[in-house]
Amino acid sequence: ACKYLSTGQSVVTGGFSYTPNGVGTFSCTAASLSAMRSAGVGNPESLDRGAAGLAAYLDGSEKIERLWRLYGYFFAAEALRLAKDDRQQEWLASIRKELTDGQQMDNGSWNDVDPIGPAFSTALAIQILLPDDTPVPGPEPGDAPNKEKPADAAPGAAAAPPMPTV
């Protein structure tokens with residue numbers, strides 16, 4: 001899968017597009033770099049070019065499309081959390097500051113221009129603002145799909161029974 005992602009990487013900018021040989025976007029560059037870093041795959045040159053492609057957006061030399069900005073920030077934050085250099089950590093801090101400055105004071109939400117609405121924008125913002133060492137929750141091995149467990153349940157604990165409908 002990551003090999004396929006590399007087919008959408010620009011040899012000129014290092015950014016990624018949604019299709020092979022397409023035009024790179026901030027969101028796709030951030031998502032592709034995050035996926036490759038998280039999976040621990042990709043050749044170092046490709047990852048360096050991807051980081052340079054992301055840098056062009058975060059440094060302001062390439063325009064971040066306002067539409068789907070938080071979606072792109074979500075993946076950029078994931079990619080930047082895995083980076084070890086100081087400059088990428090500065091970008092992560094800058095994204096987080098922009099988000100805290102943009103929070104709606106009347107209700108605590110983020111109402112970005114994304115067509116996704118304030119609930120999803122707020123969920124993305126919360127994920128981006130999590131401390132770097134916060135584990136991203138996911139299903140435990142052996143969990144049945146669509147079964148909820150209490151937040152304090154031990155790993156491997158049985159799922160809670162379904163809530164009755166009223």
Side-chain angles (χ1 to χ4, degrees), residues 5 8 15-19 22-39 50-51 53-141 143-166:
L5 286 180
F16 289 84
S17 65
Y18 287 95
T19 58
V23 176
T25 67
F26 169 67
S27 297
C28 195
T29 298
S32 296
L33 184 60
S34 173
M36 293 172 84
R37 282 186 172 170
S38 295
L54 190 61
Y57 291 103
L58 297 174
D59 278 342
S61 46
E62 290 287 335
K63 185 175 179 1
I64 295 176
E65 60 273 9
R66 189 79 179 139
L67 192 64
W68 301 104
R69 178 182 63 101
L70 283 178
Y71 176 78
Y73 277 177
F74 171 78
F75 288 108
E78 291 300 305
L80 294 171
R81 281 185 182 115
L82 297 170
K84 302 299 180 212
D85 73 55
D86 291 340
R87 184 67 185 129
Q88 293 187 40
Q89 294 307 307
E90 289 172 14
W91 290 324
L92 181 55
S94 176
I95 289 171
R96 288 174 169 163
K97 180 172 182 347
E98 180 182 333
L99 289 178
T100 56
D101 291 348
Q103 186 178 16
Q104 304 295 309
M105 290 297 114
D106 60 336
N107 64 9
S109 72
W110 280 264
N111 193 7
D112 206 49
V113 299
D114 288 346
I116 55 180
F120 192 65
S121 293
T122 300
L124 287 174
I126 290 169
Q127 289 288 328
I128 294 164
L129 293 169
L130 288 173
D132 293 344
D133 60 350
T134 303
V136 177
E140 295 289 330
D143 280 352
N146 300 320
K147 299 287 184 181
E148 293 189 24
K149 293 190 302 186
D152 60 348
M163 295 293 292
T165 56
V166 282

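This is a predicted model, so every value here is computed, not measured. We count residues from 1, following the sequence as given.
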Smallest separation among heavy atoms of [X] and [Y], with atom names:
X: Gln127; Y: Arg81; answer: O-NH2, 2.9 Å
X: Ala30; Y: Gly72; answer: CB-O, 3.4 Å
X: Ser27; Y: Tyr18; answer: CB-OH, 3.5 Å
X: Gly50; Y: Thr29; answer: O-CG2, 4.0 Å

Could you pull out all residues at least two apart from [X] that satisfy side-chain contact (heavy atoms from CB on, under 4.5 Å)?
X: Ile95; answer: Leu58, Tyr73, Ala76, Leu80, Leu99, Ile128
X: Phe120; answer: Ile116, Leu124
X: Ser38; answer: Ser34, Leu82
X: Asn107; answer: Gln104, Ser109

Do any N or O atoms from the side chain of Thr122 and from the backbone of Trp110 form a donor-acceptor pair under 3.5 angstrom?
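Judged by distance alone, yes, a pair lies under 3.5 Å.
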Salt bridge (Lys or Arg N to Asp or Glu O under 4.0 Å) partners of [X], counting only residues at least two apart:
X: Arg37; answer: none
X: Asp86; answer: none
X: Lys63; answer: none

Worked check of side-chain contact (heavy atoms from CB on, under 4.5 Å) between Thr25 and Phe16:
CA-CA 6 Å; Thr25 67; Phe16 289 84; over 6 Å; no
Would you give the length of the straight line joining atom CD of Gln88 to atom CG of Leu33, rounded to the nearest 0.5 angstrom?
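These two atoms lie 7.5 Å from each other.
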Any chance you could measure Ser121, atom OG, to Leu70, atom CG, to the nearest 0.5 Å?
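If we round to the nearest 0.5 Å, Ser121:OG and Leu70:CG are 5.0 Å apart.
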Give every residue pair that meets the ring pair (Phe, Tyr, Trp, His ring centres under 6.0 Å) criterion with at least one member in residues 75-109, sequence neighbours excluded.
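Passing the test, one end in residues 75-109: Tyr71-Phe75.
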Show me the pairs that pass salt bridge (Lys or Arg N to Asp or Glu O under 4.0 Å) and involve residues 101-110, at least two apart or across chains.
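Qualifying pairs, neighbours excluded: Lys97-Asp101.
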